[in-house]
2 protein chains.
Amino acid sequence: MSMMTPDLAKQNCADCPIRHRAVCARCEPSELKLLEDIKYYRTYEPGQTVAWAGDKMDFVASVVSGAATLTQTMEDGRRQMVGLLLPSDFVGRPGRSSISYDVVAVSKLVMCCFRKPPFEQLIQTTPHIAERLLEMTLDELDAAREWMLVLGRKTAREKIASLLSIIARRDVPSAADGSRSLTFDLPLTREAMADYLGLTLETVSRQVSALKRDGVVVLEGKRRVHVPDLDLLMEEAGDDSDGGTLI
Amino acid sequence: MSMMTPDLAKQNCADCPIRHRAVCARCEPSELKLLEDIKYYRTYEPGQTVAWAGDKMDFVASVVSGAATLTQTMEDGRRQMVGLLLPSDFVGRPGRSSISYDVVAVSKLVMCCFRKPPFEQLIQTTPHIAERLLEMTLDELDAAREWMLVLGRKTAREKIASLLSIIARRDVPSAADGSRSLTFDLPLTREAMADYLGLTLETVSRQVSALKRDGVVVLEGKRRVHVPDLDLLMEEAGDDSDGGTLI
DNA sequence: AGTGCGCTTTGACGCAGATCAACTTTTGAG
DNA sequence: CTCAAAAGTTGATCTGCGTCAAAGCGCACT
């Protein structure tokens with residue numbers, strides 16, 4: 001509550017990406033109104049922790065802007081990122097009180113939150129929302145399983161290309177025209193990329209350099225990435241997807 | 001339909017594990033009746049394919065007995081298992097017509113099936129089932145993410161121990177008493193284990209031998225595994241879970 | 001401008017696990 | 001029981017990535 005940003009709290013769902021892509025995608029106006037009534041906003045600075053594994057999380061939320069990561073840690077410090085939350089992604093689960101992963105903002109993060117009790121009540125009375133939630137969870141499951149293939153069977157170079165390709169695909173607006181090239185900002189440090197890919201940061205750095213040397217990507221500074229040919233990138237990623245359209 | 005086994009088709013939910021652990025867990029008798037009315041059984045032999053990736057799947061199902069795997073394949077033949085279906089696990093997703101993975105029986109498999117159209121109708125009219133489905137999907141998502149840690153950060157030896165520990169934990173009945181030892185049948189070949197763990201079958205074989213040599217497991221034949229001390233196995237797996245209870 | 005700190009790059013070297021290959025054990029069909 | 005195919009074991013060698021170490025940025029401080 002103390003983190004609520006006044007100007008954002010005044011926005012309504014019409015200004016909020018989740019209206020289109022997340023929980024309320026298929027809702028009636030009257031149902032939207034119910035969501036409106038219980039939502040509020042939170043903002044986090046880069047590096048700030050939203051929740052530690054095992055913490056009670058008394059809200060569910062959609063990412064409005066920025067990025068956050070879900071990470072698991074072993075006692076000896078080995079870490080594995082298990083989710084990357086980009087705008088329109090959903091965190092938190094109805095029916096479970098605590099979260100199993102560390103949730104950390106990796107860039108300036110704005111989330112649209114719903115406190116658990118009224119949200120869970122809403123689920124029970126609004127089948128559209130429950131349905132949409134199931135659909136989103138199934139999508140996440142697909143993403144997790146695709147990532148299992150990356151972690152288990154791909155080479156370091158393919159892993160990097162896969163990650164870039166996933167982030168690029170999420171960045172649709174700038175490539176909505178048929179063009180096969182695009183530019184985007186990498187929201188992750190080399191270390192975070194390594195945690196996502198099951199590599200060390202040195203290997204990540206080396207392979208990014210290799211992709212740059214081979215013309216697959218062009219770096220403008222450390223974080224801004226230009227992809228001259230998306231098909232080439234996806235080929236490097238070993239994706240069997242045709243990639244015909246970005247959607 | 002042609003695969004339906006007559007004697008099984010006559011069973012009712014009272015004989016069927018899914019009554020207790022899968023879709024109908026929290027249902028009223030009247031709701032159970034609705035599931036009864038649309039369910040039927042299928043059986044598969046070891047090695048038989050239930051569905052290829054991309055196939056239409058016109059039913060959802062719960063595993064009654066046996067085991068099946070979900071596998072992804074790259075064009076060059078690299079394979080990654082993304083799910084292991086044991087009794088009470090659920091396959092198929094409402095709202096999506098085709099499946100994204102190969103589904104293959106790895107031992108004699110019996111599934112309790114529900115055709116899509118009536119099942120989807122049931123979801124819309126029976127909130128208990130929709131809720132339960134969301135909960136199961138969230139559990140699967142947790143399992144997938146736990147597996148990401150295994151694939152991304154664990155050593156070959158830890159991977160093997162993790163897999164054995166997961167299978168052992170599913171085999172609760174024989175360890176329901178407080179005992180910390182148990183024996184179970186491995187439903188997977190070395191190759192299937194390798195596909196699950198992101199290893200080669202040679203490495204799997206070597207590490208299983210190593211665990212045997214070190215007394216972590218005792219093999220009775222190739223497939224029957226005795227774990228003298230479950231705590232030791234879980235320590236080998238690098239699991240931070242206390243393991244206090246098996247449930 | 002200078003200084004310190006976090007992030008990134010690059011190099012040298014070692015090792016866990018892949019690869020290639022030979023062999024043994026189990027399974028199951030006839 | 002017999003024999004062939006499938007599954008599993010074990011060894012020798014190779015290699016991709018991890019590990020350790022040392023510099024090179026870029027940026028926020030004063």
Side-chain angles (χ1 to χ4, degrees), chain A residues 45-48 69 74 76-80 104 106-108 150-164 185-214 217 219-225 236 238, chain B residues 45-48 69 74 76-80 104 106-108 150-164 185-214 217 219-225 236 238:
Chain A
E45 294 304 311
Q48 197 178 348
T69 61
M74 293 171 69
D76 61 7
R78 281 178 282 177
R79 291 196 303 164
Q80 177 63 52
V104 180
V106 289
S107 57
K108 195 162 169 53
V150 172
L151 289 172
R153 292 301 185 193
K154 292 195 179 180
T155 65
R157 186 182 172 107
E158 288 170 331
K159 284 178 174 181
I160 301 286
S162 296
L163 178 56
L164 294 178
D185 275 314
L186 207 49
L188 301 174
T189 65
R190 297 289 183 262
E191 188 180 22
M193 291 172 71
D195 283 344
Y196 206 177
L197 297 167
L199 298 171
T200 59
L201 70 161
E202 293 94 330
T203 299
V204 170
S205 182
R206 272 185 256 270
Q207 296 298 335
V208 170
S209 297
L211 288 175
K212 186 173 72 177
R213 171 169 41 73
D214 299 346
V217 297
L219 297 189
E220 302 161 8
K222 300 290 179 196
R223 292 299 191 84
R224 192 141 187 90
V225 179
E236 288 285 350
Chain B
E45 293 305 310
Q48 197 179 347
T69 61
M74 294 171 69
D76 62 7
R78 280 178 283 178
R79 291 196 302 165
Q80 176 63 52
V104 180
V106 289
S107 56
K108 196 162 167 53
V150 172
L151 290 172
R153 293 301 184 192
K154 292 194 179 180
T155 65
R157 184 180 173 108
E158 289 170 330
K159 284 179 175 182
I160 301 286
S162 297
L163 178 56
L164 294 179
D185 275 314
L186 207 48
L188 302 174
T189 64
R190 298 288 184 264
E191 188 180 23
M193 291 172 70
D195 284 344
Y196 206 179
L197 297 166
L199 298 170
T200 59
L201 69 161
E202 293 95 330
T203 299
V204 170
S205 181
R206 272 185 255 271
Q207 296 297 336
V208 170
S209 298
L211 288 175
K212 186 174 69 177
R213 171 171 39 72
D214 299 345
V217 298
L219 297 188
E220 302 162 9
K222 300 292 180 197
R223 292 297 191 85
R224 189 139 189 93
V225 179
E236 288 285 348

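This one's a predicted model, so the numbers in the text were calculated from it and none came from an experiment. Order of the sequence lines sets the chain letters (A, B, ...), proteins ahead of strands, with each chain counted from 1.
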When the distance from [atom1] of [X] to [atom2] of [N] is rounded to whole Å, what number comes out?
X: B:Glu220; N: C:dT26; atom1: CD; atom2: C1'; result: 17 Å
X: A:Leu201; N: C:dC7; atom1: CG; atom2: C1'; result: 9 Å
X: A:Leu211; N: C:dT8; atom1: CG; atom2: P; result: 16 Å
X: B:Leu188; N: D:dA7; atom1: CG; atom2: C1'; result: 14 Å
X: B:Ile160; N: C:dG17; atom1: CD1; atom2: P; result: 10 Å

Give me the atom names and distance for the closest heavy-atom approach of [X] to [Y].
X: A:Val104; Y: A:Gly47; result: CG1-O, 3.8 Å
X: B:Ala156; Y: B:Thr203; result: CB-CG2, 3.8 Å
X: A:Lys159; Y: A:Leu197; result: NZ-O, 3.0 Å

Got a sec, which residues hit salt bridge (Lys or Arg N to Asp or Glu O under 4.0 Å) with [X], two or more places apart in sequence or on another chain?
X: B:Arg224; result: B:Asp185
X: B:Glu236; result: B:Arg157
X: B:Glu220; result: none

For a quick test of reading the model: is some side-chain N or O of [X] closer than 4.0 Å to OP1 or OP2 of [N]?
X: A:Arg190; N: C:dG6; result: no
X: B:Ser209; N: D:dT10; result: yes
X: A:Ser205; N: C:dT10; result: no
X: B:Arg223; N: D:dA7; result: no

Between [X] (side chain) and [Y] (backbone), is there a donor-acceptor pair under 3.5 Å?
X: B:Ser162; Y: B:Glu158; result: yes
X: B:Gln80; Y: B:Tyr196; result: yes
X: A:Arg153; Y: B:Arg78; result: no

For this session: Using five pairs at either end of the helix from C:dA1-D:dT30 to C:dG30-D:dC1, determine the angle between the two local helix axes and round it to 10 degrees.
Result: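 The helix from C:dA1-D:dT30 to C:dG30-D:dC1 shows an end-to-end axis angle of 50°.
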For this session: Check whether any side-chain heavy atom of B:Met193 sits under 4.5 Å from a side-chain heavy atom of B:Leu201, and report yes or no.
Result: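 Contact flag for B:Met193/B:Leu201 side chains = no.
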Exercise. Less than 4.5 Å apart, any side-chain heavy atom of B:Val208 and any of B:Leu219?
Worked result: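 With C-beta onward as the side chain, the pair touches.
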Exercise. Reading nucleotides 22-28 of chain D 5' to 3', which nucleotides get B (base under 4.0 Å from a protein heavy atom), which S (sugar-phosphate only), which -?
Worked result: -------
For this session: If a protein heavy atom is under 4.0 Å from the base, mark B; if only from the sugar-phosphate, S; if neither, -; do that for nucleotides 14-21 of chain D going 5' to 3'.
Result: ---SSBB-
